Amino acid sequence: MRIVKIGLYSIILVGLLNSCMDNKPKKSLDGKELLTQKCAKCHNLDMPPKSYENEIAPSIMAVTFHLKDFIKSNNPSEHEDKVVNFIKDYVINPSREKSFCDKDSLDSYGVMPSQKGNVTKDELDAIAHYMYQTFDNQKLLKIMAEKSRLAKMPLYQRVLEVSSCKNCHSIKEDKVAPSFEMIASKYSISDRDNLIDSIKNGSRGKWEGKKVPMPPFKEMNSDDIEGFVDWILSLKKNINN
Ligand code: HEC
Ligand code: HEC
């Protein structure tokens with residue numbers, strides 16, 4: 001009786017294990033997410049990097065551009081694989097001799113510690129392909145061109161371009177949200193801080209008939225918020241009461 005029971009239990013157990021394994025989805029690995037999880041504590045991932053201060057490792061953009069330059073391939077279609085293979089090897093077996101980093105940088109950073117145990121081969125494959133495809137000269141040029149286009153705009157116009165304000169607000173027209181001219185005519189300069197607070201923390205119930213609340217914009221840069229509120233208040237002079 002006992003043997004039968006144990007036998008039954010093990011059949012159920014094996015069945016359970018099998019079904020777990022069968023059901024495991026074979027999802028493809030997300031190189032971007034893995035790069036952030038596994039590499040960002042040392043390498044900056046921005047393109048271009050926001051700051052070079054207190055760097056403990058070169059940025060991933062610098063690393064990738066560097067490797068693409070140094071690793072040659074007669075056949076362009078093999079270049080990606082060559083760079084990817086270098087990265088996969090280097091991250092597990094780094095050494096002074098293998099590094100393409102110049103001597104001075106190597107002296108200041110020190111050789112990268114092996115990431116063996118922190119990252120699997122498959123994860124590294126996804127990371128390396130993502131690096132190759134993302135950190136690209138053409139993409140950098142596009143980003144830089146977009147940045148300089150935005151930098152040339154007046155602040156209010158840039159905020160309207162890059163944020164979601166215009167989904168609900170327009171300058172003149174009363175939509176889901178009051179127009180910026182309506183806001184300007186309701187308030188005066190002494191309300192500046194309250195308006196800043198409404199953008200940072202959201203607002204509801206201050207405008208009659210507005211059914212959706214104003215969402216908070218906690219991530220928005222304070223200078224942008226203050227500059228935008230000053231622009232709203234400056235609209236007062238355009239409005240003929
Ligand atoms: C503990 C900090 C640290 C972590 C974590 C780290 N690195 Fe590095 N890495 C460095 C440093 C420092 C260097 C520069 C010195 C060198 O070339 O070894 C470097 C250099 C590199 C290089 C350039 C080698 C060359 O020849 O120029 C590659 C490629 C690289 N890292 C990839 C990665 C990837 C991918 C990850 C995540 C899986 C990662 N690193 C995680 C510190 C780190
Ligand atoms: C999802 C729609 C929505 C978005 C997106 C949105 N708003 Fe609003 N906003 C509203 C609504 C609705 C109100 C009126 C809220 C109320 O009744 O208190 C409002 C009110 C305001 C007010 C007046 C607040 C007050 O104290 O009376 C300001 C200023 C404002 N929004 C600025 C912005 C800015 C700047 C952005 C973009 C960064 C933005 N809003 C994005 C819906 C939105």
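Just follow the structure's listing: the first ligand is 1, and inside any ligand the first atom is 1. A quick note: this is a predicted structure, and the numbers were derived from the prediction, not measured.
Ser59 has its side chain out of reach of Leu45: every pair of non-hydrogen atoms, C-beta onward, lies at least 4.5 Å apart.
By the criterion of a heavy-atom distance under 4.0 Å, neither the backbone nor the side chain of Ala128 is placed next to ligand 1. In Ser198, the part holding a heavy atom less than 4.0 Å from any atom of ligand 2 is the side chain. In Leu67, the part holding a heavy atom less than 4.0 Å from any atom of ligand 1 is the side chain. The residue Ser105 has no part lying near ligand 1, judged by heavy-atom distances below 4.0 Å.
For the pair Tyr109 and ligand 1, the shortest N or O to N or O distance does not fall below 3.5 Å. Residue His43 has at least one N or O atom closer than 3.5 Å to an N or O atom of ligand 1. Of the N or O atoms in Lys41, none lie within a sub-3.5 Å distance of an N or O in ligand 1.
One side chain, Ser77 or Asn75, offers a donor N or O that lies under 3.5 Å from an acceptor on the other.
Here the protein heavy atom with the shortest distance to atom 3 (C) of ligand 1 is Cys42 SG, 2.7 Å. Nearest non-hydrogen protein atom to atom 28 (C) of ligand 2 is Ile183 CD1, 3.6 Å. In this structure, the protein non-hydrogen atom closest to atom 26 (O) of ligand 1 is Phe100 N, 2.5 Å.
Considering only non-hydrogen atoms, atom 11 (C) of ligand 1 lies nearest to Ala57 out of Pro94, Ser95, Ala57, Ser114.
The aromatic rings of Phe180 and His169 lie parallel to each other, with less than 30° between the two planes, well short of the 60° mark. The aromatic rings of Phe86 and Phe100 sit tilted, their planes meeting at an angle between 30° and 60°.
Residue contact check for ligand 2: Val212 places a non-hydrogen atom closer than 4.0 Å to it. Contact analysis puts Met220 in contact with ligand 2, with a non-hydrogen atom separation below 4.0 angstrom.
Heavy-atom contacts of Pro178 reach the following atoms of ligand 2: 13 (C), 14 (C) (cutoff under 4.0 Å). Ligand 2 places these atoms under 4.0 Å from at least one heavy atom of Ser164: 5 (C).
The distance from atom 8 (Fe) of ligand 1 to the nearest N/O/S atom of Met112 is under 2.8 Å.
Annotation: angle subtended at atom 8 (Fe) of ligand 2 by Met214 SD and His169 NE2 is 180°, to 10°.
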